[in-house]
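All values below come from the heavy atoms of this structure, side chains included, with hydrogens, waters and symmetry mates left out. Values in this document were obtained by computation on a predicted structure and should not be read as measured data.
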Amino acid sequence: MKILVINSGSSSLKYQLFNMETENVLAKGLIQRIGIDGSYLEYESGEGEEIVIEKDIPNHKVGIELLIETLISKKHGVLANMDEIEAVGHRIVHGGEAFAESTIIDDQAIKKLEDVADLAPLHNPPNIMGIKVCQELMPDKPQVGVFDTAFHQSMPEKAYIYALPYEYYEKYGVRRYGFHGTSHGYVAKRAAKMMDQDLSELKIITCHLGNGASVAAVKNGKSVDTSMGLTPLEGLVMGTRCGDIDPAIIPFLLEKEDMTPSEIDNILNKESGLLGVSGVSSDSRDVEDAAAEGNHQAEIALELFDYRVKKYIGAYTAAMGGVDAIVFTAGIGENSIDTRANILSGLEYLGVELDKEANDCRGKEVLISTDDSKVKAMIVPTNEELVIAKDTMELVK
Ligand code: ADP
């Protein structure tokens, strides 16, 4: 069975084509600058052949048509014809309270998605657009939606209700939803496998540390808390997002700097985090380089990043009444040796002991705690696309 996975953004679209018998990626790539001058499609076959097709791509429909043409092209393609694609799995950012699991998208599901689009105005509309275009181009193929929020729908009310007037939850759905759910769910499952134990008996803290970053408390296989909230802005320090701050800072700055709500929104989402504090870059590698050269703001930015994760680990250990494993994933979690070491240092009292040699590694699924460490620590490279493909296969089988 061949499944196409699509992550449709407003001006870009990522895709991967899976052969589900082997779980191999047959082809993958990216469409960039949709609706903007200089648009192009990047394509990489499973064998590693890479091509770039520069073409005017005014909208998602033209982009997905080009993508399908490439997949079936005689020269670079990996499919004999489009019919070989049995289903399409779509990454959807926000499922609100309507979607607690992956689902086949029918008219009713589209309607529900449009109802929650308010909660993710930048992400959900292009996600929905990707689905509609695929429905149009492949009318007899099932479309499946996999939601970033779904895994966290198991959180108890005390973890998701904000201490605001309750009417805002009732009227607008203002509550915590959490994101990166596909990743947190996947790495927790892998961690249980690595420990050769049942996920349903474990307390796991998963740290998804990428450009966007979040922590989740996964108790008995279910998310019971996570650091992102109504939007992905809450929680950890991120590449350009501030994470937790005193909300009173917002009216204070609005007044002092004479800003509009959208200007402050831009500052909190795009100009804060590692970038804002370091003044150097949102990319942790650049910040690490600057810190190594003695740049104080870069040093502080990294310390803040690590300290925030450490505090969440403490909080979630308390929330779950203990912890059996701490998992690191995504760009920084998988690759930054220092970040993992700094986060875990000082947590020996919880029973975590880092194996420095094992931690000296990047991007591999490995245990990084010592053999006799009571709490296990590990790196698990995330694979959200594979989860989307698997969920899609399960639903259409
Ligand atoms: P997202 O998917 O949220 O855009 P990623 O998971 O790709 O983000 O993570 C991006 C972050 O990971 C960047 O801060 C980058 O510096 C960091 N990163 C990626 N590769 C490495 C590496 N080899 N060493 C250190 N950090 C890395």
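At a threshold of 4.5 Å between non-hydrogen side-chain atoms, the residues Arg190 and Val327 do not count as touching. In this structure, Val187 and Met378 have side chains that are not in contact, with every pair of non-hydrogen atoms separated by 4.5 Å or more. A 4.5 Å side-chain heavy-atom check between Leu202 and Met195 finds at least one atom pair inside the cut-off.
The side-chain contact (heavy atoms from CB on, under 4.5 Å) test applied to Ile337 returns Arg340, Asn359, Asp360, Arg362, not counting sequence neighbours.
A 6.0 Å sphere centred on CG of Asp140 holds more than 12 heavy atoms belonging to other residues, nucleotides or ligands. Annotation for Tyr166: atom OH counts as buried by contact number, over 12 foreign heavy atoms lying within 6.0 Å. Counted within 6.0 Å of NZ on Lys222, heavy atoms from surrounding residues, nucleotides or ligands total 12 or fewer; the atom is thus considered open.
Salt bridge Asp265/Lys270: absent, no basic N to carboxylate O contact under 4.0 Å. A salt bridge is absent between Lys111 and Asp107: the closest approach of a Lys/Arg side-chain nitrogen to an acidic carboxylate oxygen does not fall below 4.0 angstrom. Under 4.0 Å is where a charged nitrogen must lie from a carboxylate oxygen, and between Arg175 and Glu97 at least one such pair does.
Under the 30°/60° scheme for interplanar angles, the aromatic rings of Tyr177 and His94 are found to stand perpendicular.
Defined by atom type and a distance below 3.5 Å, a donor-acceptor pair is present between the side-chain atoms of Glu234 and Tyr162. Counting only N and O atoms by type, the side chains of His208 and Ser214 include no donor and acceptor under 3.5 Å apart. Looking at Ser336 and Asp338, their side chains never bring a donor and an acceptor atom within 3.5 Å of each other.
Listed by first and then second residue, the side-chain hydrogen bond (donor to acceptor under 3.5 Å, both in side chains) pairs involving residues 304-330 are Asp244-Tyr312, Asp306-Asn342, Thr329-Glu334 (not counting sequence neighbours).
The two atoms that bring Ala27 and Val78 nearest to each other are CB-CG2, 4.1 Å, heavy atoms only. Contact detail for Ile368 and Ala358: the closest heavy-atom pair is CG2-O, 3.7 Å.
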